[in-house]
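Here is the naming used below: chain letters follow the sequence lines, and residue numbers restart at 1 for every chain. Predicted, not measured: the structure shown is a model, and the values here were computed from it.
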Protein chains: 2
Amino acid sequence: MDSSELKRAGLKATLPRLKILEFLENSDVRHMSAEDVYKALLESGEDVGLATVYRVLTQFEAAGLVVRHHFEGGQSVFELEQGKHHDHILCVKCGKVDEFMDETIEERQKKIAKEKGYAMTDHSLYIYGVCGECQKEE
Amino acid sequence: MDSSELKRAGLKATLPRLKILEFLENSDVRHMSAEDVYKALLESGEDVGLATVYRVLTQFEAAGLVVRHHFEGGQSVFELEQGKHHDHILCVKCGKVDEFMDETIEERQKKIAKEKGYAMTDHSLYIYGVCGECQKEE
DNA sequence: AATAAGAATGCGAACTCTTCTCATTTACGT
DNA sequence: ACGTAAATGAGAAGAGTTCGCATTCTTATT
């Protein structure tokens, strides 16, 4: 088991944390709600509580292992940190999520923050649309 | 009373709708949650239900009278439609909200959507930071 | 390897924001 | 003014998330 990542993040290597991290790393879906993680673990025969999943994901976020997003639709969505910042474009029909990174937009944002007198801490950019697949279906 | 705006939007000119619209138009705060609107009306002596405020704001949104935002923090925030699209920059300390519009960013977003094969329907961009005022306070 | 002490867990209750249900009231064309 | 359909208010219900607490783990120390 790879408890070193957790140790490094200053977190005790408990079974639920290990399982959740492992799941995030091995899943091919990159953006998941707490509920998604919870259900997947239950189906794998793990015995975790939903509250624990929420707690752990929040800790992972604080530790920088995970990034939390607020897509439309209310619930939080989590994504394993990949080192490189990026924004998201999502399909309003099928829910597909794509990622992109645009240096020009990044620059402009910094510029705007400065102009407005803000010390920028963060930003979130979501583009919504209908993906190629969904456009075909009438 | 100005019921014409409501009529034009295809909505019956009921008292709660009139009051809510009037309040949105006369308030100097431009971004308000349903709860904010509800409380303000109660304090003005109006007798509205919170459910009605939610319903009406949702109808206003559908009618294009109002725009709904999902700032961080969970609840929806509403803003009177001003014709011209803009994005937001908000202070994470005091909650202040500023608006901006950047043609370059707009263009880039369209370009990205096209590249990724999406038919763009909408987008949301929020910059978070500490505003000038709040930077001064220690 | 056993132990002690504190941290983490699971469960259900609680909380927040929002929507729904439904009996009652209101707006508006006639 | 009246009738009808739509809108309202109140509280219940729903979704997502957090909290409280008794129990169970981790881990540093023997």
Side-chain angles (χ1 to χ4, degrees), chain A residues 1-23 31-63 65-66 68-78 95, chain B residues 1-23 31-63 65-66 68-78 95:
Chain A
M1 296 244 166
D2 187 13
S3 56
S4 57
E5 273 184 270
L6 292 174
K7 297 275 176 62
R8 212 179 310 133
L11 295 171
K12 268 193 194 170
T14 65
L15 214 44
R17 301 215 258 240
L18 242 11
K19 290 299 177 189
I20 291 171
L21 183 56
E22 185 182 296
F23 174 67
H31 303 84
M32 279 172 294
S33 68
E35 192 84 33
D36 292 338
V37 175
Y38 172 65
K39 281 186 186 154
L41 289 180
L42 281 198
E43 278 168 22
S44 308
E46 302 299 332
D47 180 31
V48 281
L50 180 56
T52 299
V53 173
Y54 273 104
R55 270 185 302 233
V56 169
L57 287 173
T58 301
Q59 291 158 350
F60 281 7
E61 184 193 12
L65 293 174
V66 136
R68 182 195 300 251
H69 298 291
H70 302 279
F71 296 157
E72 295 218 345
Q75 86 272 57
S76 291
V77 172
F78 299 85
Chain B
M1 299 244 165
D2 187 13
S3 56
S4 56
E5 275 184 89
L6 292 175
K7 296 277 177 58
R8 211 178 311 131
L11 295 170
K12 267 193 195 172
T14 65
L15 214 44
R17 300 216 260 239
L18 243 11
K19 290 299 177 190
I20 291 171
L21 182 57
E22 184 181 299
F23 174 68
H31 303 85
M32 280 172 293
S33 68
E35 191 84 32
D36 292 337
V37 175
Y38 172 65
K39 281 186 185 151
L41 289 180
L42 282 198
E43 279 168 23
S44 307
E46 301 301 331
D47 179 34
V48 282
L50 180 55
T52 299
V53 173
Y54 273 103
R55 270 185 302 235
V56 169
L57 287 173
T58 301
Q59 292 158 351
F60 282 7
E61 184 193 12
L65 292 174
V66 135
R68 180 195 302 251
H69 298 291
H70 302 279
F71 296 156
E72 295 219 348
Q75 86 271 58
S76 293
V77 172
F78 299 85

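Within the 4.0 Å cut-off from OP1 or OP2 of D:dG16, not a single side-chain nitrogen or oxygen of A:Ser33 is found.
Looking at heavy-atom distances under 4.0 Å, A:Thr52 makes contact with a base. Among the heavy atoms of the strands lying under 4.0 Å from A:Arg55 is at least one base atom, whether or not backbone atoms are also near.
With D:dT8, C:dA27, C:dC17 as the choices, the nucleotide that has an atom nearest any side-chain atom of B:Gln75 turns out to be C:dC17. Between C:dT9, D:dT8, D:dA10, one nucleotide has an atom nearer to the side chain of B:Asp47 than all others, and that is D:dA10.
Atom NZ of A:Lys12 is separated from atom P of C:dA5 by 14 Å (rounded to the nearest Å). Between A:Tyr54 atom OH and C:dC11 atom P there is a gap of 16 Å when expressed in whole angstrom units. For the pair A:Glu35 CD and D:dT18 C1', the interatomic distance rounds to 14 Å; values are reported in whole Å. For the pair B:Glu61 CD and C:dT18 P, the computed distance is 12 Å after rounding to whole Å. A straight line from CG of B:Leu50 to P of D:dA10 spans 11 Å, rounded to a whole angstrom. Taking atom CG of B:Leu15 as the reference point, atom P of D:dT8 lies 9 Å away to the nearest angstrom. Straight-line distance from the CD atom of B:Glu72 to the C1' atom of C:dT16: 17 Å, rounded to whole Å. Whole-Å rounding puts the A:His70 NE2 to D:dT17 C1' distance at 12 Å.
Judged purely by distance below 3.5 Å, without hydrogens or angles, the side chains of A:Arg68 and A:Thr58 pair a donor atom with an acceptor atom. B:Thr52 and B:Arg55 form a side-chain donor-acceptor contact under 3.5 Å, judged by distance and modelled atom types alone.
Residue-to-nucleotide proximity on DNA chain D shows that, of A:Ala51 and A:Lys7, the 5′-proximal contact is made by A:Ala51. Residue-to-nucleotide proximity on DNA chain C shows that, of B:Ala13 and B:Ser76, the 5′-proximal contact is made by B:Ser76.
Here the closest heavy-atom approach between residue B:Tyr38 and residue B:Leu50 is recorded as CE1-N, 3.4 Å. The minimum heavy-atom distance linking A:Val48 with A:Pro16 is given by the pair CG1-CB, 4.2 Å.
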Step-by-step side chain to side chain contact (heavy atoms under 4.5 Å, CB included) determination, A:Val37 to A:Phe78: CA-CA 9 Å; A:Val37 175; A:Phe78 299 85; over 6 Å; no

